[in-house]
Structures are given as C-alpha cells and as structure tokens.
Participant: 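Below: one structure in structure tokens.
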Amino acid sequence: MNIAHYIPLFPFLAFVINIFMGRRLKVASAYVSIAACVLAFIFSLLVFQGFSAGQGSYSLGTWLVINGKSLNFGVIVDPLTIMMLLIVTFIGCFILIYSIGYMHDDPRFSRYFAYISLFMSSMLGLVLADNFILLLIFWEGVGLCSYLLIAFWYERPAAAAAGLKAFITTRIGDTGFLVGILILFFACGTFHFTDLKSVTGPESLLTLAAILIFTGAMGKSAQFPLHVWLPDAMEGPTAVSALIHAATMVAAGVYLVARCFPLFSAHPMALQTVAVIGGISALMAATIATVNNDIKRVLAYSTISQLGLMMLGLGVGGLSAGTFHLMTHAFFKALLFLCAGSVIHAVGTQDIQKMGGLLSKMKITGATFCIGTLALAGVPPFAGFWSKDEILLTAWNNHHPILFVVALLTSFLTAFYMARLIFLVLFGSARSQLHAHESPLTMTIPLMVLSVFAAFAGFIGAPIKEVGMEAHGGSFLIMAISTVVSLTGLGLAYLLYIRRIVLIPVSSVSGLHNLLVNKYYIDEIYDYVLIKPCLRLCQGSFVFDAKIVDGLVNAMASITQFFSGLLRKTQTGLIQNYLFVQILSLVLLLIWLLKI
Amino acid sequence: MIPLVYFIFLSAFLFCVGIYGALTRRNVIGILVSIELILNAANINLVAFNKYLGTPDGMGQVFSLFVIAIAAAASVVGLILIIAIYRDRKALFTDGFTLMKE
Amino acid sequence: MSIQFLFPELFLFAMALWVLFGSAFPSLRKISDFFATLGILGALLILPLTTNSSTVAFFDLLINDPISYFFRFLILLASVLIIFLSSGDKRIEEEHKGEYFFFILSLTVSLMLAVSSRSLLMVYITVEAVSIISYILIGYFRNDKFSSEAGLKYFLFGALSTGIMLYGVSLIYGLCGSLDLNMIANLAQGGHVFLPAFILAVVFILVGLAFKCSLVPFHMVAPDAYQGAPTAVSAFLSIGPKAMGFALLIRLFLTNQTPLIPQWTTLASGLAIITMIIGNIIALKQTNVKRMLAYSSIAHAGFMLMALSVVHQVGIQALLVYLFIYVFMNVGAFGCVILTNREEVDDYAGLSRQNPLAALIMATSLLSLAGLPPLAGFMAKFVVIAAVIQAKSYTLALIAVANSVVALFYYLRIIKVMYLSKNDCIKPINCSPVLILVLIVTVIANILLGLWPQGIMHIITLP
Amino acid sequence: MIPLLSSIIFLPLVGVLLVALTPSRLDKCIKYTGLLITGLGLLLSIYLVMCFDKTKSSMQFVEYCPWLTGLNISYHLGVDGLSLALIFLTALLGFIACLASLNIQEKVKEYFIFYFLLMVGMFGTFMALDLMLFYIFWETVLIPMYFLIGIWGGPRREYAAVKFFLYTLAGSVLMLLSILTVYFLAQPHTFDILKLSSVGFDPHWQMVLFLGFFVAFAVKVPLFPFHTWLPDAHVEAPTPVSVLLAGVLLKMGGYGIFRICLPFFKDAAHNLAPALAIFAVINIVYGACVAMAQTDFKKMVAYSSVSHMGFVILGVAALNSTGFNGAVLEMFNHGIITGGMFLMVGVLYDRAHTRDLSQFGGLSSSMPFYAFCLTFLSLASLGLPGLSGFVGEFLSLVGAFGHYPWLVVLAAIGLIVGVAYFLYMLQRVLLGTLNPKCVSYGDMTALDLISVVPLIIITFIVGFYPQIVLTFQQVTINGIAHLF
C-alpha cells in the first residue's frame, strides 16, 4: 500500500501545530516535533520493508498541463530515496533531542521546532519527489527553512545578513537549475526522473542542461563558486548547522546529481565538470580550514571539502561511492557539529585559540569528538575510511590520476585540520580561564549514539554496498595509501600543535597564510565584482527612471505650458492688433485658397 | 454709359481705404468712420451690379437701402459705447482700453 | 400661406415688446423675467405647428426644413436657459432689468430668423441684427469698465467683420446675379461662375461667419468679450450666435451635401485643426475662469467645424447632436460662475467644502466639457469623431483626440483646486432658487444624455 | 433567471444611492452599507463562479439589448474563462479593500460614493462584450480613481492624480480611434467583440490597429516606457485604493490584450510577439532593478508589480496555450499577492506614518503576526515555488522558452534581483535589532487580519494545487491559443 507520501505530512503537521499553538505548548512543542520525526522514521522503515517486497513509485495526480502534456506528481521509491529517508529521519530525531537541551532557555523555543519540522517535511518531500518541478518546490522550501533558521536569532544583524546571503546564493543556483529544467523539457519533453534513462536529444543541449542542473546542486551543496554562504550560515544555532548544513540539506545537491546520474553519465563532459568542481572545492575548502580559528567555521569548510569529495566521487563515475560517502559523512559530521555545539554551550566562545584541555572537564563530549575526528580523518576502523577509500578506488579504477591525487591531498589536509582542531580544543593546557562543565544528558545521549554510528557506519553500510557496488577488496594498495596519508596528517598536526615544533618559519609562509585566512578573498571579490556593480546598476536605473522616463513625461507637459504662455502673449488687448490679425488671416486665407 | 468696371474699381478702392483706415487710426471714431466707408463700398457694388446686370426685381437697390438703415443703427450703438467709455476714462485712443489682455 | 411659419417669431417679438412696455412700470419690471420665459415657452409651443406650413416663406427669404426647425428649437431652448441664468445674476437686478430681457428676446428672434434664412439679404440683415443686440448686451453694465470696454472692442471687431461679409455678399450678387443661396449653390456647382472671384467673395463671407463661430484666425476679440460681458450674456454668446454661425455655414457651404467651393474640406479641416490646437493650448494657462471658458468654447468650435469638414449627411447630424449637448455643458459651466460669482481660478479653492452642490455642478459640467464617458460630452465627441473617421480623415481625428487630452488638463485644474487643495476661499454664494434649479437641470441632462441619449440620438444614424 | 451580470455591475450603484441618502455624520452606517454591498457583490460572484460551466467555450450568462440603435452600440455582457477569474478577483479585493477602508476618517460619504463608482467601472470592463461599452466602462474607472487618489491621498497627491488621469486618458483616447476604425473596417459595421474576432482585417491595418489598442493596454499594464505613473499613483493613493489599483486596474490592461488585441489581429500578434517579449523582459529586469534601489516601501512594491506584470506580457508573447495560461494565472495571483502586500504596507503606515524603510527594524519581535503575514506574502511575490506566485511565472517562462530561450534566461536572472530586493526589505523591516521608534507599534488588529488571511489562504491553495483556477480558464485559453 502506498504510504510513502504520508512521510512529509507528519513533520508538516508538527510545523502547523507548533506555529499556531506554540505559545501554549512551550516545551511540549519539542515533543510534538520529535513524535512527528519518529513517526516519519517508522514509516520510512515500513517503506524500506515495502520496497524490498517490491512496492515501487506511484503517481498522485495531474498538477499542471504544459504544452498539452499533463505533468502529474508522484512519489519515487528506490534505494537512494530510502537511504536518504532513513538518514534524514534518524539523524533528525537525535538532533531534535539534542536541541531540547541546546535551546531550552530560548524565548522562541516553539518557533525553532516549528521551523525544524518544516525543514524535515520539505527535505523528505524533496527526496520523495518524482519530477523536477515537485523537487524544485521542496528544494526552495528547504532553502526557505535554512534562511529562517540561519536568521533565527535575528536580533543579531550578522545572522540576518547571513540568512539573506544564503537564500540569494542558493537562489542563484536555483535559477540555473530552473533554466536547466526548461532546456531538458524542451530537449526531450519530460520532467520525470524515471524517463531520464531513456532520454534522447541533441548532445550539446543535454550537456548544457546537465551542467545547469548541476549549478542548482552547486548552490545547495555550497560547491566552489557558490560556497560563500555556508561559512556565514554558522550564525544559526549549532543544532541547525548539524542537521541542515552538515547532514541533510547540503547533501541534497549530491542527491540531485545522484538522482540524475543516468543523464550525467550519458554526457561525459557534464560528469567531468562535476568532478572538477568537486575537486576544486574539496581542495580549496580543506586549505582554508587548516588556518581558521572558529570551531564551527572549520567544520563548515570541512563540510564543503567533503561535499567536494562526494561530487568528485560521483564525477569519476562512482555513483555508489559518492552516495556511500554521503551516508557516512552525514553521521560523523552531525556528530562533530553536535560536539562543537556542546563545547560552545559549555564554554560560551567559538574561538578555538581560547580553548584547551577540555577533555578532562568534558569527558563524553571529548570522547565522541575524538571518535568523530578519527572517522572524518579516515582512520581505518572508522566509517570515514571506508567511504573515502571507495572514492579513491573508483577514481583510480576509472583512470582519473589528477583527481586521485587531489582526493589524497584533501584527505591528508582533512586529517591535519581535524587533528589540529581536537588538539587545540581538547588537549594541551587551557589557554584561558574558561570554567567548562559537561552538557546535560539530553545533549550527550545523541552524541553517544551518533558516535557509535560514526564508528561502525562503514560496516552497516554493507547492505547498501551490494546495491550496485563492485567488489570491496579490489586493491589493498589504495587502502594502505589512504591510511598512511591520514596518519601522516594526524602526526604532522600532533607535532605542530602539541609539541609546538616550528617546522617552517611562519614568516616565509605568511603570504599563503594571509591568503588562506582571508578565504582567498572570494567574498571580497564577489562583493567587488558582483554586488557593488549590481547595486550601482539598480541605483542608476532608478535615477534613469526618475530623471529620463519620468522627465520625458514632465517635459511634454512643460513644453505645452511654454507654448501656452507664448501664444497667450498674442492677445495684447489692443483692438488694432485684433483687427490687424483679422485682416492678415483673411489675406493669408485668400493666398492659400486662390493659389491652390 | 459708364462701364461697370469703373464702379467695381471705385468700390474696391473705397473698401481698401476703409480697411486701411480701420487698421491705422488710433482714434476710435476714426475706426467707426472707416467701417462706414467699407459698408458704403458694398453699397456701390450692389447698386452698380443691380443696374448693369439688370435683375428685374431690383434686389440690389433694395438691399442697399437695408444696408444704409442698418449701418445707421450700428453706428448709433457704437457711439453709445464710445460715449460710455469716454465718460468713464476720458480715453478715445485705442491704447487707452487694454484692460483685458492675454 | 407663409405667415404661419413666422408665428413663433411674431409671438416672441410681441412678448418682447410687452416686456419693454412693462419695464416702464416698476411692479411689472420685477417680473419681466417671468414674462420673458412665458414668451419663450409660448414660442416653443407654437413651433411644432409651423412644420406643416409651406417650405418657403416670406418672399422666398426664409426656408422651413428640418435643419431650421432643429436650430430654432435649439435657440429657444438656449435662450430659456439663459433667461433663468440671468434672473440668478444679482448685478442685472439693479440695471434696467426690463430692457435686458427685451434685448435677450429680440436677440432670440433675430437668431431664429437667421437660422432659417435662405437668401444672402436675409443672412446679412439677421447677422447684423444679432451683432448689434450683442454689442448692447455685452456693454450692458455701462459703469463697469470691463463690460463697456468689452462692448466697444466687440463692436469695432464685429462691425469690421460684418462689413467685410457685406462686401463679399455684394461681390457674390455681382457674380451670380442673385442672392438666393440655392441659386448660388447650383451656379457654383454647375461651374458657370468665375471661380477665383467667387472664392474671394466666399472667403469674405466666411470671415463674418467665422467671427460669429469664433474660429481661430478670426477669434481675437472673443476672449475679451466673454470676460468683460455679464456672465449670462457670455453664456448666450457661446451658444446662440455660435449655433447661428454654424447653421449659416451649413446653409452656405453645404447646401444639399455638396461643398460650395472644391477646397472646402481642406479649408474646414485646416481651420478646425488650428482652432482646436490654439484654443486648447492658450486655455492651459488662463487664470480667469470666464476667459478659460471662452477658449474652451473656441476649442469646441474647432471640434464642430471638424464635423462639418466631413461632407456627408452623418457629419451634419453629428454637428447637430454636438450643438445640442454643448448647450447644456456650457450653460452648466457659466451658471456655476454666476452661482459662485468667482472669476479667478484660485477663488474656487475649497469650494467642495464650502458648497458641495456648486462644486458638484461645476465638476460635472467641466468633466462633460472634457468629454469623459459617463457624461454627455463623451457622446457628443464620440459622434463627431465617428463621422470624421467614417470620412477616413484619420490625422484630423488623431489631432482632435490629442486635443481632448490637453483640454482635460485645464478642466482638471479647476476641479483640482475645488476638491483637492487644502486652503479655502470664503466668498458669499448667491443661491437664487431659479439659478440652482436650471443648474440641476443641466447636470441631469449631462448625465442622462451621457447614459441614455435616446432622445437626441434619433437624429443621427451611423452608416 | 435574474440578469446576474448586470446585477453584479449595478449593485454598487444601489450602494451609491444608499450612501448618498444617508446623512454624512452617520459615517459608521455608511461604512456598514459599504461592507454590505461589496459583500453581496462577492457572494454574487461566488455564485457566478459556482454555476459557471467549465466545459463550454462560448460566452455564458450573456445579456444583450440594443442600447443606441443609431450608433449600433448594444448593451452586451458575457463571461468566459478569461474574465471569470478576474471578476472574482475584483469582487474579492473590492470586499477586502472595503474592510481596509473602515479606518478612513474624513469625508466618508464621498469616499464610498467614488469607491462604488470605481467598482461599477471595474466590473463593467471585465464583462462588456461591446467595444464601446468596454470603452465607456474603461473610462468610468478614471474619474472616481482621480478623486480617490486626489482627495484622500498622500502629500503629492494632486500631481499623482493628474498624472494618472492624463496618462491613462492619452492611452485610451488612442483606443477610441482604433475602435472606430475597426468599426468602419468591419464589413457589417459592428462594435460586437465576438463578431469582430472572426473578421479578418488586412495585414497593414492589423499592425496599426494592434498598436493603437496595445498602447492603451500597455499604459494600464504598465509596460516599460509607460510605467512612470504607477509608482506615483501607488505612493500617494490611500491603502484600500492602492489595493484596488494594483489588484484590479493593472489587470484591465492584460485582459484587454487577451480580449481584443489577440483575437482581432492575429498576424500583427505574430509579427509583434518578439518585440512584446523583449519589452516584457525589460519590464521584469528593469522593474526589479529599480525596486532594489527604493527606500520607500510602497514604491518598492509598486515597482515589483511592474516586474510581475512583465511576466504577463511574456506569457502573451509566447503565443501558445501554456504562455496564455501562465499570463492569466499570473494576473489572478499577482492581484491577490500584491493586494495583500499593499495591505501590509498600509498596516505599517497606519502605525509609523512613514514609508521610509530605514525607519523600521526588528519588527518581528514586537509584531509576530505582522511578521508572519509579511514574510509569507513577500515569499509568494518573489516567486517561491510552492506558492501561487511561482506557478504563473513558471508557466509563462515555459511557454516563452520555446520561442525566446535567451530572453527567458534573462527573465530568470531578473528573478534573482527580485528575490534580493524582497529579502533586503524583509531584513530592513523585520530582522535586526528592534528600532527604538517601533517599540510602541501594536500588532495587527483583528480587522487587518480578517482582510489579509483570506488572501494568504488563496495564495497557498493556488500555489499548492493550481488546477483549481486553471480548469476554469482552460477551455477559453485553448480557444484563443489555437488561433496561433
């Protein structure tokens, strides 16, 4: 029986309840959201169980009639959907539990949970949509929720500006996405994903469509040109960053590319761009993360870098490698953000230079933090290792040497900056007198559960693995290389930040250092190249409108007034002039008539 | 018999003198006189045409009689107005009354 | 016999004499306006009887056809409205009220004779009579320097124009040997006439008539006359003599729908264009309301001439409809000037707060003059433009329509001052019941003729 | 069966009489008669919508009676898919604007008289099937609007009112000429729109007449060069009047194009479609850019409706059923959304007595309901998919993409600027620290909520399931579309 389309309804119901009865519910609103999330999770399991029993996607009815063809909306159910459903609902529940503790003294407590449930419902809707238009609707819904949540503490102007920046940047990506959909529709007349396999049409047009659709993914998954909004999005509550900007929403871009994989794989050029963009953003973000001093921004850049890695994985043709990394990354990145949140909740500042030696004071958070770091760095037993190895393997097997090196370098840098992070935060001596205390149970339980998954997701991933993934044990050489790379990263960080050995004099690297600290000046470049000229253009067009177009209208009026003043002078009041005009016009009339 | 053309020239000449007088005279009564000249020019025309082109019912002459009577009435009214203005503003020249202009 | 045709005029003249006689006795003088209305209404009653009398009357000088019947009805209607207007005007009260109404009635009689004249002799006599009476009426307030100056200027200008017209008539008499309009028209169309001289003569006559209809090159004195004259008289000037002018233009130039001179269409449309443009543009910056209404009546004259430039039955019908509606619009506008006795545009500031009824009447008349749809002015304009487009002269229609936009601006100026401006100008409003009654009649006519003009529209049938 | 259409048109006239009779000091009961009349009008239009037969392509509820036989003008009314949605929109916005007019203080009697005359003009324009009747109703809208803006407006109201009047009149006067030329060109001279649709005019005349009609409609739609009256008129008009001005008057232009320009002059439409598309995109991008640079809240919303109406023209330029569907749907949606937006601006103006955006800040903490409604309407109007703003724009874009791909791309980029200025506005008004001046502003009263909530509900429903509106207009739009 088709119950898949009920999944998004539960969180939406929770949103409606929280919005309208939020005042009265007070703390209870959290339980409403959690209940909705749990229900959604159960239904996802049912759908998963139903799927293995063979119930696939189904349609719900016509939504629009375009060029005579009726576009009907439906639900698509396949392994990719189920994986995303499970991830979103599962991680969502724990993050909601965590948020109770994290947000318990916030005045707009119920509104927070309302927005989170709205986000959950649009994310689940996005995953279930079976055509581009429905996907676009939920896609923008997710963008809207990220805007509302980033600017949740709107008293802080920085948060409001970050929300605005996030929405506009994603919206730029979405415009490319919209144009891509239109080109695809006109090239092969369909919006539905199911027909993407059998798509035929002019080669160049479809490649352009694919690339444009990828720009949508770039906007949402903060890839290279449109990545500027994610670091600023850290203004929002950390639980939000954990759910939205680590696990689910940013993964939507990867999900989109995975969903349209048949389209991309049919056009190598499109796939190539995906890989290259992925590579660039992976490398760039990793380098910036190494020098950043804000705990959440480091994690934000690491998310961009990991997403770049996933895009690279997909780009080199590894559909399952990319999606597997997506699944594992969701777990340990959410864990890391929650740990960071608990640290900030305890210490009150986000600047890692001021922290130090917190492990002794915050046992559980510290431990889970280390597990997450190890998982992210790709140390063998943990989940990160398996999925990253998959990507390296596919990159190697599909003869992409440069991308392989880039992936390796990224994983090295990842290991380095994560190690730097935990060494500065947890180990060493406290650099400032911060009285840290362990977070309450509601925050630590999700940490523990997620750390378990971060550790063993690699193996749990097995059932997903046999879904179209080639043999795992292909070459141990790759595995060895990746382990060595991760360990050297950790070791280097150890030397630098625990032993304080100055390998390279800071002065010689200061130029590079400034470049990285200022995030390659991308924000400034955008501001200078895009935003300032656009504002000047708008100001210019307003002046043009007021002065020229309006001016013309007023000019016409004043010209007639001028002539009126002129002609008025002809009435001199002297009777002689009147008689003269009379006779003159008589004579002129005669000349005119007699000459004709 | 004097050819008809002479009469037409005479009346045209009178007409032009009348027009010239009306335009140039600064004195209001001068203008009145010039206008009378124009009317008489028309009279000459009428009578001459009636005589030479010989329409049996003498419409032209009857017309000129009417014209003479009406011209008299018109000048009477004109003089009334001129006297009214003279009594009020002691100005007989046309540049005296340009109160209403533009 | 033909005397039956003249019964309305005779009855009216008798009443005029009675009013003149009555003005000698103070008691009768006070109700002389009542007698005047009685005379007009009596004439209106007798008028329908004349339809079955002979077509030609009074030694072939007058003609009795639908056009003359319509114009005589129109002029009687106009004069009855003017009489109501004049009875409202306080300043006419002190002057010799009896003579005033005698002159109004005699002016009406001469107008009625003028519109039904068939020979140039009759044309000249009646035009001269109308002019003389209007000189007296304009200069009626002898001790008011504006009125006497206006009267004198109008006299000089009018006398010259009718003098030129007379000279033209004499030339035509010479050329065609007859004064009968039909005879002249047949001769001209038959081509038995020396064309250049004939055109010269016709233009001379046109000067006289154009002065009466205040068409632009010959309009110079009209604004001063309208401003100086008593408002009721300038109202009558803008309707009565103008209607007579157009009736004579129809009689002279468009007898049985063929133009007297071949260039008539270009001449008429040329004059119409100049009249509309100059009339509207100068009106833009007027500060005196009467002077502005003078220019607006010049602009409307241009519109009417445009209807005549269409040498087709529908053109003349359009003109008749336009004139009929024009009477009500103009009487409404001038009536408000009398009602509020304010002549400067700025004096109208805040009238809507001081006396909403006066403001409503003024606004309706002005918007109707501007030609906005729910009101009668639009129907008038629509009919004329339809005739013009039917005759395929698109540029003329375009200019006319553009002018109506410019015209709206100066009508809106008064409405803006009345309704929108904040500062108020407190001046006493002489609300004599008769005046308000007639103004309400005009407002109702404006609205009714706009929405359901069946009454007047049976005249015109678009092809 | 009672003449439904005539009763909808002339019901407000009954209101005029009622209001004219009540003495002006009883302004309370004048307002209630206003509500009664507009409410009744809304019920009648809902009844009209209910018993409208979706499958019939011909005119329904036709009323015909010869009015001026001499001039061949007949009183001919009818409704089809195209005008149904707009009539309902007029009735709805009329009622809601009447609700918003309850806090008009000075000269209430004259206000409601002009308000009802405006309603008569608007209803008539959408229902007239005789060209002259259409023109007369088209112009009757001008006088009441002039007085409404002129007397109850803001500081520069005189200039704005006169400019609105002259601008629209100049356009519509050209239309009068075109109507008369069409009358004399059609062989059995007629003003009847249905008969004229089947008359094939020769191509030379079609181009001239198309432009003649199109200028009048372009002024009303505000297409690019003729749009400068809109910001002034909006900024100076009182809130309920600008709701009607934006909600209904702009649609009369679009409706005119569909009813007159397209069916009469098919070939001209074909040749001029690219020019139309270019102007449409200019409208979208230019409107968005200028809106971005505004500091006056109402002026910004006015320029945003210039940008949205650009989509309507883009839909028209597409010349296929999707484009037309998009255009008509966009007209309906834009009416609802912008009507709501102007109510929001009005609510703020009543409290702050200024429209300068820099005077506000952080309002969502002191006015939560207001924040929710304003955010919802802004999102709908910036075209967030899932709300009704997006559906209309999307259909127009899809329709136009076939013929003008590059223009559609430009329009999409214009959309980004659209998002930018709305969010920038939201940031300045709602987010950030609470402006000390705005501490005293109370949240929306029950009255404001009653007038805005229906609009929000409709926006959500149409956005979620657009077939509700599309089924009504589908048959008529296909009728027009298969001409091309």
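Labels below follow one simple rule: chain letters A, B, ... track the order of the sequence lines, proteins then strands, and each chain is numbered from 1.
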Participant: Which members of residues 567-581 of chain A, sorted by number, sit under 4.5 angstrom from chain C on a heavy-atom basis?
Facilitator: A/L567, A/R568, A/T570, A/Q571, A/G573, A/I575, A/Y578, A/L579, A/V581

Participant: Between C/P262 and chain A, with a heavy-atom cut-off of 4.5 Å, which part of the residue counts as in contact: side chain, backbone, both or neither?
Facilitator: neither

Participant: Identify the heavy atoms of C/P196 and A/L594 that sit nearest to each other, and give their distance.
Facilitator: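 So the two residues come closest at O-CD2, 3.6 Å.
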
Participant: Select all residues of residues 148-164 of chain A having any heavy atom within less than 4.5 Å of some heavy atom of chain C, and report them by number, or 'none'.
Facilitator: none

Participant: Checking A/I583 against chain C: side chain, backbone, both or neither under 4.5 Å from a heavy atom?
Facilitator: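 Contact with chain C involves the side chain of A/I583 alone.
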
Participant: Specify which of C/V203, C/L195, C/I278, C/L206 makes the most heavy-atom pairs with chain A at under 4.5 Å.
Facilitator: C/V203

Participant: Side chains of C/L284 and A/F563: does their closest heavy-atom pair fall under 4.5 Å?
Facilitator: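 Of all side-chain heavy-atom pairs linking A/F563 with C/L284, none is under 4.5 Å.
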
Participant: By a 4.5 Å heavy-atom criterion (distance strictly below it), what part of C/L160 contacts chain A: side chain, backbone, both, or neither?
Facilitator: side chain

Participant: Less than 4.5 Å to any heavy atom of chain C: does that hold for the side chain of A/L589, its backbone, both, or neither?
Facilitator: side chain

Participant: Shortest non-hydrogen contact from C/F211 to A/Q582?
Facilitator: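 So the minimum-distance heavy-atom pair works out to CB-NE2, 4.4 Å.
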
Participant: Rounded to the nearest 0.5 Å, what's the gap from CG on C/L215 to OG on A/S585? Could you check?
Facilitator: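 The OG atom of A/S585 is 11.0 Å from CG of C/L215, to the nearest 0.5 Å.
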
